[in-house]
Structures are given as C-alpha cells and as structure tokens.
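The structure appears below as structure tokens.
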Amino acid sequence: QVQLVESGGGLVQAGGSLRLSCVASGRSFKSYRLGWFRQAPGKEREFVVEVDSWNGGNSRYANSVKDRFSISIDNAKNTVYLQMNSMKPEDTAVYYCAADRTLRWGAPYSYWGQGTQVTVSS
C-alpha cells in the first residue's frame, strides 16, 4: 500500500511558476511508475506526465505541457516533483499524483493522492 500526499498548489499569474510535491509513504516507490494528472472544472481528468523510477527516470509528457513542465524524483525523500513554468490559465485544475507497480506507459494507476488546487490568473 502506498499513500500519496500532494502539496504546493496555489494561485499564480500567467507566465509564472509553481512546483508541486508528492510525498509517498508506506513503502519506497523505487520500483513504481509515477504520474501527475489534472482535472479542470467540468472536464475529465487528463494525463500530464509520468516517469519511471526504476530505469533512469525516463518520462513522457502530454503535448499541452511539454517544454513547460518538468517531473523529477528524489528517491531519498520518496518525493516526486512537478515543476511548472510559463503557466497559462488553461493549466488551472486540481493536480493529482499517482503511482503504480505496472511498468508500462499509459497503464492505469492504482494509488492516488487527494489532489492540490492550482489556479492561474490571466
């Protein structure tokens, strides 16, 4: 069992930056696939980025955030980060951290955090 807790959300102006954190407890996530998703009001949850923690930190990004967002892992702290730069109003959403033992890109996730609100003002 893995428990995930996100933090770092808030209000930022367009063009600004935020860094989200997701701390995992329960067990080390060194062999997990980790991801960030987001859900805007009235919309379905969408994929943002995922990373493998077992093979050099390879990652893949949604086209909408590529070149603006960056995912990183601190295994010593059992924490995964989402650095968000050049933010846009359309990035406004609740952001969720997720983890799963299945080592296949795009596979469903078993563990989810409670989410953190990110609001980008124009």
Side-chain angles (χ1 to χ4, degrees):
Q1 187 77 12
V2 175
Q3 294 81 42
L4 304 171
V5 179
E6 304 98 332
S7 62
L11 175 64
V12 63
Q13 288 189 332
S17 298
L18 275 178
R19 189 178 78 157
L20 305 183
S21 302
C22 174
V23 180
S25 61
R27 59 176 60 193
S28 169
F29 60 48
K30 282 188 177 181
S31 297
Y32 282 74
R33 180 170 48 99
L34 305 166
W36 287 95
F37 291 75
R38 65 187 182 185
Q39 187 168 20
K43 296 187 177 181
E44 294 188 353
R45 186 169 58 195
E46 66 173 1
F47 165 78
V48 175
V49 59
E50 62 182 347
V51 63
D52 70 58
S53 62
W54 69 92
N55 188 28
N58 295 315
S59 57
R60 72 180 187 104
Y61 292 83
N63 288 334
S64 58
V65 305
K66 201 172 184 179
D67 299 327
R68 298 189 298 121
F69 290 11
S70 177
I71 192 169
S72 61
I73 302 171
D74 186 333
N75 283 314
K77 296 182 178 180
N78 241 27
T79 300
V80 58
Y81 301 99
L82 181 64
Q83 178 66 44
M84 304 184 291
N85 299 326
S86 303
M87 297 188 72
K88 305 175 181 179
E90 50 263 43
D91 294 323
T92 296
V94 177
Y95 283 70
Y96 297 91
C97 174
D100 197 85
R101 293 295 300 271
T102 303
L103 306 182
R104 186 178 76 251
W105 296 126
Y109 281 83
S110 300
Y111 304 103
W112 294 85
Q114 83 289 349
T116 185
Q117 176 69 48
V118 172
T119 302
V120 184
S121 62
S122 57

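Atoms considered below: every heavy atom in the structure, side chains included; atoms not considered: hydrogens, waters and symmetry mates. The first residue in the sequence is number 1, and the count goes up from there.
- S7 is linked by a side-chain contact (heavy atoms from CB on, under 4.5 Å) to S21, counting only residues two or more places apart in sequence or in another chain.
- Considering every non-hydrogen atom in both S17 and N85, the closest pair reads OG-OD1, 2.9 Å.
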Margin query: Go through it in stages, so that I can follow the logic: the residues are Y32 and V2, the test is side chain to side chain contact (heavy atoms under 4.5 Å, CB included), and I'd like the CA-CA distance, side-chain angles, deciding distance and then a yes or no.
Written below: CA-CA 10 Å; Y32 282 74; V2 175; 3.4 Å; yes
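- Hydrophobic clustering (side-chain heavy atoms under 4.5 Å, transitive across Ile, Leu, Val, Met, Phe, Trp, Tyr) groups Y111 together with L20.
- Between R68 and M84, every side-chain heavy-atom pair lies at or beyond the 4.5 Å cut-off.
- E6 places a side-chain N or O within 3.5 Å of a backbone atom of C97 that can act as its donor or acceptor partner.
- Annotation: side chain of L11 is in contact with side chain of S121 (closest heavy-atom distance under 4.5 Å).
- Hydrophobic clustering, defined by side-chain heavy atoms of Ile, Leu, Val, Met, Phe, Trp and Tyr closer than 4.5 Å, groups F47 together with F37, V94, Y96, Y109, W112.
- Here I73 contributes atom CD1 and N78 contributes atom CG; the two are 10.0 Å apart, rounded to the nearest 0.5 Å.
- Here the side chains of W36 and I71 are in contact, with some heavy-atom distance below 4.5 Å.
- R38 is not listed as a side-chain neighbour of T92, based on a closest heavy-atom distance of 4.5 Å or more.
- Closest of all the heavy-atom pairs between Y61 and V65 is CD2-CG2, 4.1 Å.
- What you find for L4 and A24 is that their closest heavy atoms are CD2-CB, 3.7 Å.
- Between S122 and A14, the shortest heavy-atom distance links the atoms CA-CB, 4.3 Å.
- The backbone N or O of N58 lies less than 3.5 Å from a partner atom in the side chain of D52, making a donor-acceptor pair.
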List the atom pairs, donor and acceptor, that lie under 3.5 Å between side-chain atoms in residues 101-108 and the rest of the protein, sequence neighbours left out.
from : atom 1 : to   : atom 2 : distance (Å)
T102 : OG1    : D100 : OD2    : 2.8

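- Minimum interatomic distance between Y81 and D74 (heavy atoms only, all atoms of both residues): CE1-CB, 3.9 Å.
- Considering all non-hydrogen atoms of both residues, V118 and M87 come closest at CG1-CE, 3.6 Å.
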